[in-house]
Amino acid sequence: MAEAADTPGTTPSPARRWLRRTGALLAGAPLLAGLLQLPTAGPAQAAGPEGAREASRSGSVAVSVDSLTPGAPSDGDTVTVSGTVTNKGKQAVTDAHVDLRVGSVLTTRSGIADVAKRADDLPGTDGTAVGGAYKASFDKLTPGVAEHFTISVPVDKLDLGGDGVYPLGVALSGETSAQPWDQVLGIQRTFLPWQADEADTTTRTTVLWPLISTVHMTAETGSNQQQTPVFLDDDLATEIAPGGRLDQLLALGRELDVTWVIDPDLLASVDAMAGGYRLRVDGDTTEPGTHQAVAQQWLAKLQDAVAGKEVVALPFADPDLASLAHNGTRVTGSLSQLKAATDVAATTVETVLHVTPSTDFAWSVQGAVDPSIIKVATSAGADKVIARSDSLQETGGLSYTPSAARPIGGGTTAVVADSKLSRAFEGDLTNASAATLAVQQFLAQSLALNLQTDKQRSVVVAPQRLLTAGQARAMAEAVSALQGSTWSQPQDLTATAKAKPDPDATTKVPARSAYPASLHKQELARTAFQETATTQERLDRFKVILSDQSRVVTPFGRAVNREMSTSWRGRPGAAGVFRQAVRGYLDTLAGRVRLIDKSPTKLSGRSATIPVTVQNNLVQGVEHLVLRLSSTNPTRLEISGKDYDEQPIAVSGGHSTTVKFTTSANANGQSTLVAQLYTQDGQAYGAPVTFDVKVTEITATVMLVIGGGVLLLVLAGFRMYTQRKRAAVREAEATPEDDGTEEAAADEADEPGDAARNPEGAGDRLPDGTTARPRAGGPQQPSDGRPDTAAENADPSGTGERVDR
């Protein structure tokens with residue numbers, strides 16, 4: 001404050017100024033002393049109201065409720081709570097004790113959710129501690145050390161009122177050196193559902209138990225008769241081995257009254273493994289799998305577990321309906337893949353499990369639906385779609401949760417799962433405390449739902465597809481407690497879908513814009529469906545030439561179904577690698593039927609035959625192929641008198657065949673021929689083979705030389721024929737006809753008529769009336785006389801001698 005002058009226009013004197021300052025100081029001393037006596041503000045207060053709230057929420061001792069039994073107590077039961085307390089602070093806690101505190105009954109489902117959100121906040125209305133000996137005491141809690149506790153209390157000591165859900169606080173109280181008074185240093189809240197007597201109207205609850213895995217099998221199979229399958233890895237064996245995820249799901253589910261929801265691809269994969277399998281190691285290298293016995297045991301246990309239970313079969317490989325609806329419907333053939341996956345589902349389940357499944361249900365990811373998803377889901381024959389209440393939300397202002405079945409038009413029923421019950425087991429539930437809280441919250445929501453109205457209702461619990469082992473254990477514990485409760489009874493999914501729908505429930509499917517963006521980001525892209533369509537086209541061209549199509553169509557058809565699996569969500573890289581591997585292996589097989597390359601050919605003359613070889617390196621025969629040889633310059637070189645010629649082809653497995661084409665040249669020079677295989681419907685098959693043919697003109701001189709050579713060959717042949725014929729006659733003349741003596745042969749030669757019988761060897765009659773014998777070696781002349789040498793021996797040649805004929 002400015003100092004005032006005694007007299008306007010002047011300044012106060014130094015003495016006056018000193019007196020005034022001293023008086024002001026003395027007057028402010030009591031106020032300063034009061035300020036100094038105020039408590040010092042902590043960091044939270046210095047940070048403002050929000051900082052104060054955050055500081056008050058964090059207790060210095062962590063309380064963990066690891067088990068609460070029974071989860072849904074009835075009259076006469078004893079409630080036992082076990083857990084641990086851990087001092088997170090820097091100071092020891094003395095005179096510590098854990099007690100139970102029962103809060104006011106919760107009347108709404110949203111109220112339960114609010115309490116769950118602040119399960120460990122220190123401020124709250126948790127009621128008074130249960131008195132008496134129902135507490136656990138500790139002399140001292142050392143920093144960083146966890147201490148176990150167990151408290152058992154008869155339910156009648158909890159002072160519960162009417163039926164409902166009660167918050168149950170498990171609190172740790174004690175003192176520290178900085179705050180030496182008894183106070184709550186940590187708390188964990190859970191829920192205690194209380195239904196003393198049998199409910200007048202019970203809720204019919206359907207629990208889906210999903211038995212689904214990721215993609216494990218490739219399209220590759222062995223060349224043996226069994227077609228040994230090849231797996232991507234051995235992860236499936238780990239899942240079904242004792243203690244594995246799928247083994248625990250099976251063991252837990254068989255003890256519950258649930259509806260099994262099964263991906264037939266899982267059954268087909270385990271069944272294939274049970275018969276022997278190989279593992280992809282690197283590139284083209286595989287090695288034998290070693291878990292056949294594990295697969296056989298798991299299948300046997302599953303067959304026993306589902307006997308007499310309801311089984312719902314998803315389309316083969318669990319195709320992603322939302323991705324297909326949003327990105328695949330404009331790609332030709334995508335919807336037909338969904339139909340094929342649906343058709344094979346029932347057959348697979350019946351073959352492996354020996355039960356008849358229901359294939360009427362379609363299940364979109366997290367139950368999120370829009371009109372396009374509904375349209376795709378029902379296109380393959382399903383007339384019931386499993387949705388979830390956070391997608392198909394209530395807009396009519398109902399004060400209770402309606403039944404699951406909703407008619408949504410076109411003869412389709414939406415079976416709407418309850419989102420709070422279905423999502424109770426998300427997150428990491430490997431920790432015992434987290435699992436216990438999930439179980440109690442599930443039971444609390446179920447009881448609160450039943451207490452909403454006296455109407456009979458059917459609800460569905462549809463958890464996430466790929467339950468972890470921890471999630472499955474928590475869910476099994478909750479479902480077991482629910483099925484033993486007084487307010488719920490189990491029911492099959494088919495019965496729930498047929499239940500009378502609530503007339504006031506919402507039946508309008510949300511618009512496409514309402515589909516969650518987080519789910520949309522995980523969808524298969526349109527390019528994925530285009531690649532799948534390309535693979536299918538190549539498969540269609542390849543299969544028509546095979547003598548046994550099933551060896552290729554079945555493994556590749558199922559691989560194409562796997563390319564659309566929901567399990568690829570959020571893994572676009574792995575999905576792309578799988579698609580490329582399927583297409584690459586198909587191209588490898590198709591390439592084993594091919595034309596052998598030809599080198600340039602010379603054609604000397606006006607016409608010739610040209611061979612073309614087709615090789616088949618498959619284990620089965622190929623047929624229904626046509627080989628076409630075309631001339632790029634038919635004016636110079638023709639094929640069978642035209643531009644091209646075709647011949648049908650059939651080749652056994654592991655063999656080759658050569659086809660010959662007749663060509664005719666019209667002029668000298670080089671021409672190019674193209675050999676190409678075609679299927680019978682006119683589609684080109686494989687790569688063409690192109691080769692050059694050089695035509696050389698034949699001169700007249702060359703023709704004369706060739707003609708002379710041919711003539712000489714003809715004359716030589718005629719001479720050889722004549723000589724052999726004469727030799728045969730001589731042999732006949734020398735052979736005796738009666739008793740084989742030479743005299744008899746001479747007499748017969750002189751008999752009349754001999755010359756007539758042997759005109760070529762007959763002699764001429766001499767003037768003396770005798771007949772001259774013919775000269776050996778040729779015809780006789782009339783002037784010839786008798787031979788001056790004895791006749792040659794005409795006896796047959798001896799053994800071992802060669803006789804020329």
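Just the heavy atoms: all of them, side chains too, but no hydrogens, waters or symmetry mates, feed the values below.
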Nearest heavy-atom approach of Thr496 to Gln491 is OG1-NE2, 2.8 Å
Flag for Thr494-Asp492: side-chain donor and acceptor within less than 3.5 Å: no
I would like to know whether Arg388 and Val416 meet side-chain contact (heavy atoms from CB on, under 4.5 Å); could you show each step before the answer? CA-CA 5 Å; Arg388 207 167 68 183; Val416 183; 5.6 Å; no
Applying ring pair (Phe, Tyr, Trp, His ring centres under 6.0 Å), name anything that partners Phe442, two or more places apart in sequence or on another chain. Phe425
Taking the six-membered ring of Trp363 as reference, does the NZ or CZ atom of Arg465 fall below 6.0 Å from its centre and within a 45° cone about the axis? yes
For Asp163, all residues meeting salt bridge (charged side-chain N to carboxylate O under 4.0 Å, His left out), sequence neighbours excluded: none
Looking at Arg189 and Asp126, is there a salt bridge between them, counting it only when a charged N and a carboxylate O are closer than 4.0 Å? yes
Asp77 versus Ser74, side-chain donor and acceptor atoms under 3.5 Å: yes
Does any N or O in the side chain of Arg406 come within less than 3.5 Å of the main-chain N or O of Ser403, such that one atom is a donor and the other an acceptor? yes
For Ser485, side-chain contact (heavy atoms from CB on, under 4.5 Å) partners two or more places apart: Leu482, Trp487, Ser488
Between the side chains of Asp234 and His291, is a donor N or O closer than 3.5 angstrom to an acceptor N or O? yes
Quick one: does Val145's side chain get under 4.5 Å of Thr86's, heavy atoms only? no
Taking side-chain contact (heavy atoms from CB on, under 4.5 Å) as the definition, give me every residue that meets it alongside Asp99, ordered by chain and number, with sequence neighbours left out. His97, Arg101, Ala129, Lys135, Ala171, Ser173
Partner residues of Trp298 under the ring pair (Phe, Tyr, Trp, His ring centres under 6.0 Å) criterion, sequence neighbours left out: none
How would you list, by chain and number, every residue that makes a side chain to side chain donor-acceptor pair (under 3.5 Å) with Gln464, sequence neighbours excluded? Gln471
Please give me the minimum heavy-atom distance between Leu302 and Leu211, naming the atom from each residue. CD1-CD2, 3.6 Å
Test log, rule salt bridge (charged side-chain N to carboxylate O under 4.0 Å, His left out), inputs Lys140 and Glu147: CA-CA 10 Å; Lys140 183 179 181 181; Glu147 297 286 350; over 6 Å; no
Report yes if some heavy atom in the side chain of Phe361 is under 4.5 Å from a heavy atom in the side chain of Val261; otherwise report no. no
Of all the heavy-atom pairs spanning Glu198 and Thr486, show the shortest one and how long it is. OE2-O, 3.4 Å
With sequence neighbours excluded, what pairs up with Thr108 under the side chain to side chain donor-acceptor pair (under 3.5 Å) test? Ser110
Just wondering, do Pro463 and Ser422 contact through their side chains at under 4.5 Å, heavy atoms? no
Give the table of side-chain donor-acceptor pairs shorter than 3.5 Å for residues 152-161, with sequence neighbours excluded, one pair per line with atom names and distance.
| from | atom 1 | to | atom 2 | distance (Å) |
| --- | --- | --- | --- | --- |
| Ser152 | OG | Thr80 | OG1 | 3.0 |

Using the side-chain contact (heavy atoms from CB on, under 4.5 Å) rule, pick out the option among Thr214, Val365, Leu466 that qualifies with Thr566. Val365
Which residues share a side chain to side chain donor-acceptor pair (under 3.5 Å) with Tyr515, sequence neighbours left out: Arg569
Run the side-chain contact (heavy atoms from CB on, under 4.5 Å) test on Leu168 and Val102 for me, step by step, so that the C-alpha distance in whole Å, both residues' side-chain angles and the decisive distance to 0.1 Å come before the verdict. CA-CA 5 Å; Leu168 181 65; Val102 180; 3.9 Å; yes
Qualifying residues under side chain to side chain donor-acceptor pair (under 3.5 Å), relative to Thr436, sequence neighbours excluded: none
Ion pair check, Asp418 and Arg109, cut-off under 4.0 Å: yes
Is there a side-chain contact between Leu467 and Ile212 (heavy atoms, below 4.5 Å)? no
Looking at Pro193 and Leu443, what are the two nearest heavy atoms and their distance? CG-CB, 3.9 Å
When you look at Leu68 and Val79, which way does the side-chain contact (heavy atoms from CB on, under 4.5 Å) test go after all the steps? CA-CA 7 Å; Leu68 193 160; Val79 176; 4.1 Å; yes
May I ask you to test the Leu100-Ile151 pair for a side-chain heavy-atom distance under 4.5 Å? yes
Minimal heavy-atom distance between Gln441 and Phe191, with the atoms involved, is CA-CD1, 4.0 Å
Arg254 side chain to Asp304 main-chain N or O, any donor-acceptor pair under 3.5 Å? no
Would a distance-only check, ignoring hydrogens and angles, find a side-chain to backbone donor-acceptor pair under 3.5 Å from Lys455 to Pro402? no
Contacts of type side-chain contact (heavy atoms from CB on, under 4.5 Å), residue Thr203, not counting sequence neighbours: Thr205, Leu449, Asn450, Val459
Testing the 3.5 Å rule here: is there a donor-acceptor pair between the side chains of Gln179 and Glu175? no
Do side-chain atoms of Asn87 reach the backbone of Leu141 as a donor and acceptor pair under 3.5 angstrom? yes
Heavy-atom nearest pair, Val63 first then Val170, reads CG1-O, 3.5 Å
Applying salt bridge (charged side-chain N to carboxylate O under 4.0 Å, His left out) to Glu310 and not counting sequence neighbours gives none
Does Asp247 pair with Lys301 as a salt bridge, N-O distance under 4.0 Å? yes
Can you check whether Leu267 reaches Ile262 side chain to side chain, under 4.5 Å on heavy atoms? yes
Can you confirm whether Glu239 sits close enough to Ser213 that some side-chain heavy atom of one is under 4.5 Å from a side-chain heavy atom of the other? yes
Give a yes or no answer on whether the side chain of Gln452 reaches the backbone of Ser399 with a donor-acceptor pair at less than 3.5 Å. no
